[in-house]
Amino acid sequence: MTEDHGRTSAARSISDAARAELIERLGSRSIVFVGLMGAGKTAIGRRVAGELDIPFLDSDHEIEAASRMTVPELFELYGEAEFRSLEQRVIARILEGGPQVLSTGGGAYMNPLTRAAIAAHGISVWLKAEIDVLMERVAKKQNRPLLKTADPRGTMERLMSERYPVYATADVTVATRDERKEVIAAEVIEALGRHLTAREAASL
């Protein structure tokens with residue numbers, strides 16, 4: 001299992017006291033980023049992990065390490081259904097190892113078993129983005145199996161209409177946009193703090 005602890009504590013923008021309090025409230029749960037391809041789940045997730053000084057993992061990277069194949073190769077050889085089954089098993093295994101930050105693939109949260117595992121062992125964070133932001137970002141990479149169509153923008157719009165109602169059930173929603181990742185990461189940490197505080201109060 002690969003881990004990336006991000007930046008050193010000297011470079012953190014969150015105070016040690018605030019970080020310690022958030023980590024204590026998080027307990028053994030994982031912070032799990034969900035959202036469409038291009039939302040910035042890996043970049044923001046890695047930044048949040050660095051701020052909190054906990055491990056960062058990417059489910060796609062873990063799947064590739066476990067299968068010794070790339071995600072596009074898995075899609076091509078076995079189809080999306082088999083890939084989603086493997087993805088669900090890998091994420092369930094990863095979630096046993098919190099606290100940590102986990103970035104998931106765009107379709108992972110659509111699996112009811114994966115959503116249940118995240119709800120049981122994590123705090124879900126939806127990075128919500130507008131289509132123009134997503135298309136600008138995904139255009140820079142050619143490793144998006146679901147966008148290998150004659151109309152990538154139309155495909156993205158369809159995915160948004162199908163997935164956004166499900167993503168909206170996540171514990172925390174943060175708007176991602178054309179802004180520095182440090183700013184978005186700080187907003188995620190603030191939102192996590194509010195959520196964990198409210199969750200703790202509700203359990204009293």
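Starting from 1, each residue takes its place in the sequence as its number.
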Visitor: Checking E82 now: which residues fulfil side-chain contact (heavy atoms from CB on, under 4.5 Å) with it, not counting sequence neighbours?
Guide: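 For E82, the residues satisfying side-chain contact (heavy atoms from CB on, under 4.5 Å) (neighbours in sequence not counted) are Y78.
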Visitor: If you group Ile, Leu, Val, Met, Phe, Trp and Tyr by side-chain heavy-atom gaps below 4.5 Å, do V166 and L159 land in one group?
Guide: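 V166 clusters together with L159.
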Visitor: So how far is it from M156 CE to R163 CZ, rounded to the nearest 0.5 Å?
Guide: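 Spacing of CE (M156) from CZ (R163) equals 9.0 Å.
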Visitor: A side-chain contact here means heavy atoms from C-beta on lying under 4.5 Å apart; do L57 and H61 qualify?
Guide: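 No, every pair of side-chain atoms sits at 4.5 Å or beyond.
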Visitor: Checking the side chain of R29 only, and the main-chain atoms of G98 only, is there a donor and an acceptor separated by less than 3.5 Å?
Guide: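 Not confirmed, R29 side chain does not pair with G98 backbone.
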Visitor: What about L113 and I94, same hydrophobic cluster or not, with Ile/Leu/Val/Met/Phe/Trp/Tyr joined at side-chain heavy-atom distances under 4.5 Å?
Guide: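 As far as the 4.5 Å side-chain criterion goes, I94 and L113 are not connected within one cluster.
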Visitor: Is there side-chain contact between L36 and K41, with at least one heavy-atom pair below 4.5 Å?
Guide: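 No, every pair of side-chain atoms sits at 4.5 Å or beyond.
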Visitor: Let me confirm one number: the OG-CG distance from S103 to D60, rounded to the nearest 0.5 Å.
Guide: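 Output value for this atom pair is 7.5 Å.
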Visitor: Find out whether E87 and N111 are in side-chain contact, i.e. whether some heavy atom of one side chain is under 4.5 Å from a heavy atom of the other.
Guide: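 When only atoms from C-beta onward are counted, N111 and E87 do not touch, as no gap falls below 4.5 Å.
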Visitor: Will you find, in the side chains of Q100 and S30, an N or O donor that is under 3.5 Å from an N or O acceptor?
Guide: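 Their side chains do contain a donor-acceptor pair, which is all the 3.5 Å distance test asks for.
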Visitor: According to side-chain hydrogen bond (donor to acceptor under 3.5 Å, both in side chains), who are the partners of T114, at least two apart in sequence or on a separate chain?
Guide: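 By the side-chain hydrogen bond (donor to acceptor under 3.5 Å, both in side chains) rule, T114 matches no residue at all.
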Visitor: I need the full list of ring pair (Phe, Tyr, Trp, His ring centres under 6.0 Å) pairs touching residues 171-204, with sequence neighbours left out, sorted by first then second residue.
Guide: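 Checked against ring pair (Phe, Tyr, Trp, His ring centres under 6.0 Å) - neighbours excluded - no pair reaches residues 171-204.
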Visitor: Under the rule for side-chain hydrogen bond (donor to acceptor under 3.5 Å, both in side chains), what residues qualify as partners of D171, not counting sequence neighbours?
Guide: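 Here the qualifying residues are S124.
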Visitor: Surrounding CD of E76 (heavy atoms of other residues, nucleotides or ligands, distance under 6.0 Å), is the total greater than 12?
Guide: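 Result for CD/E76: open.
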Visitor: A side-chain contact here means heavy atoms from C-beta on lying under 4.5 Å apart; do R153 and D132 qualify?
Guide: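 They are in contact (side-chain heavy atoms under 4.5 Å apart), so the answer is yes.
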Visitor: Can you tell me how far CG of L22 sits from CD1 of I189, rounded to the nearest 0.5 angstrom?
Guide: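 Result: 7.5 Å between the selected atoms.
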Visitor: Which heavy-atom pair separates S59 from G105 by the least distance, and what is that distance?
Guide: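 Closest approach of S59 to G105: OG-N, 3.4 Å.
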Visitor: Under the rule for side-chain contact (heavy atoms from CB on, under 4.5 Å), what residues qualify as partners of A18, not counting sequence neighbours?
Guide: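 Result, side-chain contact (heavy atoms from CB on, under 4.5 Å) vs A18: I14, S15.
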Visitor: Salt bridge between R47 and E182, side-chain N to carboxylate O under 4.0 Å?
Guide: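 Here R47 pairs with E182 in a salt bridge, since their nearest N and O are under 4.0 Å apart.
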Visitor: Any donor and acceptor pair, going by atom type alone, linking the side chain of S28 with main-chain N or O of P99 inside 3.5 Å?
Guide: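 Pair absent, no side-chain N/O of S28 close to backbone of P99.
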Visitor: Strictly by ring pair (Phe, Tyr, Trp, His ring centres under 6.0 Å), give each pair with a member in residues 100-139 just once, sequence neighbours left out.
Guide: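 Listed by first then second residue: W126-Y164, W126-Y167.
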Visitor: Listed by chain and number, what are the salt bridge (charged side-chain N to carboxylate O under 4.0 Å, His left out) partners of E162, not counting sequence neighbours?
Guide: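 Here the qualifying residues are R158.
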Visitor: Applying side-chain contact (heavy atoms from CB on, under 4.5 Å) to V188 and V172, what does each step give before you reach the verdict?
Guide: CA-CA 8 Å; V188 168; V172 172; 5.9 Å; no
Visitor: Give the C-alpha distance, both sets of side-chain angles, the deciding distance and a yes or no for side-chain contact (heavy atoms from CB on, under 4.5 Å) between V174 and I44.
Guide: CA-CA 11 Å; V174 173; I44 303 303; over 6 Å; no
Visitor: Quick one: side-chain hydrogen bond (donor to acceptor under 3.5 Å, both in side chains) partners of T197, sequence neighbours excluded?
Guide: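 Only R25 meet the side-chain hydrogen bond (donor to acceptor under 3.5 Å, both in side chains) criterion with T197.
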Visitor: Where do V48 and F33 come nearest, in terms of heavy atoms and distance?
Guide: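 In terms of heavy atoms, the two residues are closest at CG2-CZ, 3.9 Å.
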Visitor: Kindly compute the distance separating OG1 (T173) from NZ (K128), expressed to the nearest 0.5 Å.
Guide: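 Taking OG1 in T173 and NZ in K128, the distance rounds to 7.0 Å.
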Visitor: Using side-chain contact (heavy atoms from CB on, under 4.5 Å), reason through L102 and I118 one step at a time and then give a plain yes or no.
Guide: CA-CA 10 Å; L102 172 63; I118 293 171; over 6 Å; no
Visitor: Hydrophobic cluster membership, with links at side-chain heavy-atom distances under 4.5 Å among I/L/V/M/F/W/Y: are I63 and M69 in one?
Guide: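 Same hydrophobic cluster.
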Visitor: Treating Ile, Leu, Val, Met, Phe, Trp and Tyr as nodes and any side-chain heavy-atom pair under 4.5 angstrom as an edge, say whether I54 and I123 lie in one connected cluster.
Guide: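 Cluster IDs for I54 and I123 match.
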Visitor: Applying side-chain hydrogen bond (donor to acceptor under 3.5 Å, both in side chains), can you list everything that pairs with S85, at least two apart in sequence or on another chain?
Guide: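 Partners of S85 under the side-chain hydrogen bond (donor to acceptor under 3.5 Å, both in side chains) test: R89.
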Visitor: Considering non-hydrogen atoms only, spot the tightest contact between L26 and L196 and give its length.
Guide: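 Closest pair (atom of L26, atom of L196, distance): N-CD1, 4.2 Å.
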Visitor: With the 4.5 Å side-chain cut-off for hydrophobic clustering, are V90 and L77 part of the same group?
Guide: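 Yes, because V90 and L77 connect within a single hydrophobic cluster, where side-chain heavy atoms sit under 4.5 Å apart.
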Visitor: Considering all heavy atoms of both residues, which atom of T176 and which atom of A129 are nearest to each other, and what is their separation?
Guide: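 That closest heavy-atom pairing would be CG2-CB, 3.5 Å.
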Visitor: Who are the salt bridge (charged side-chain N to carboxylate O under 4.0 Å, His left out) partners of R68, not counting sequence neighbours?
Guide: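 By the salt bridge (charged side-chain N to carboxylate O under 4.0 Å, His left out) rule, R68 matches no residue at all.
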Visitor: Using the salt bridge (charged side-chain N to carboxylate O under 4.0 Å, His left out) criterion, which residues pair with E187? Sequence neighbours excluded.
Guide: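 Once residues adjacent in sequence are excluded, the partners of E187 under the salt bridge (charged side-chain N to carboxylate O under 4.0 Å, His left out) criterion are R177.
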Visitor: Looking at every heavy atom in both A170 and V34, which two are closest together, and how far apart are they?
Guide: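 Scanning both residues completely, I find the closest heavy atoms to be CB-CG2, 4.4 Å.
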Visitor: For the CD atom of E21 and the CD1 atom of I23, what is their distance to the nearest 0.5 Å?
Guide: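 Atom-to-atom, E21:CD and I23:CD1 are 11.5 Å apart.
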Visitor: Under a 3.5 Å distance rule, please check whether E62 uses its side chain to pair with a backbone N or O of I91 as donor and acceptor.
Guide: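 No: the side chain of E62 does not pair with the backbone of I91.
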Visitor: Which atom pair, heavy atoms only, marks the closest approach of M37 to L134?
Guide: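 Nearest pair, atom of M37 first, then L134: O-CD2, 3.4 Å.
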Visitor: E130: what forms a side-chain contact (heavy atoms from CB on, under 4.5 Å) with it, not counting sequence neighbours?
Guide: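 Scan of E130 (side-chain contact (heavy atoms from CB on, under 4.5 Å), adjacent residues dropped) gives none.
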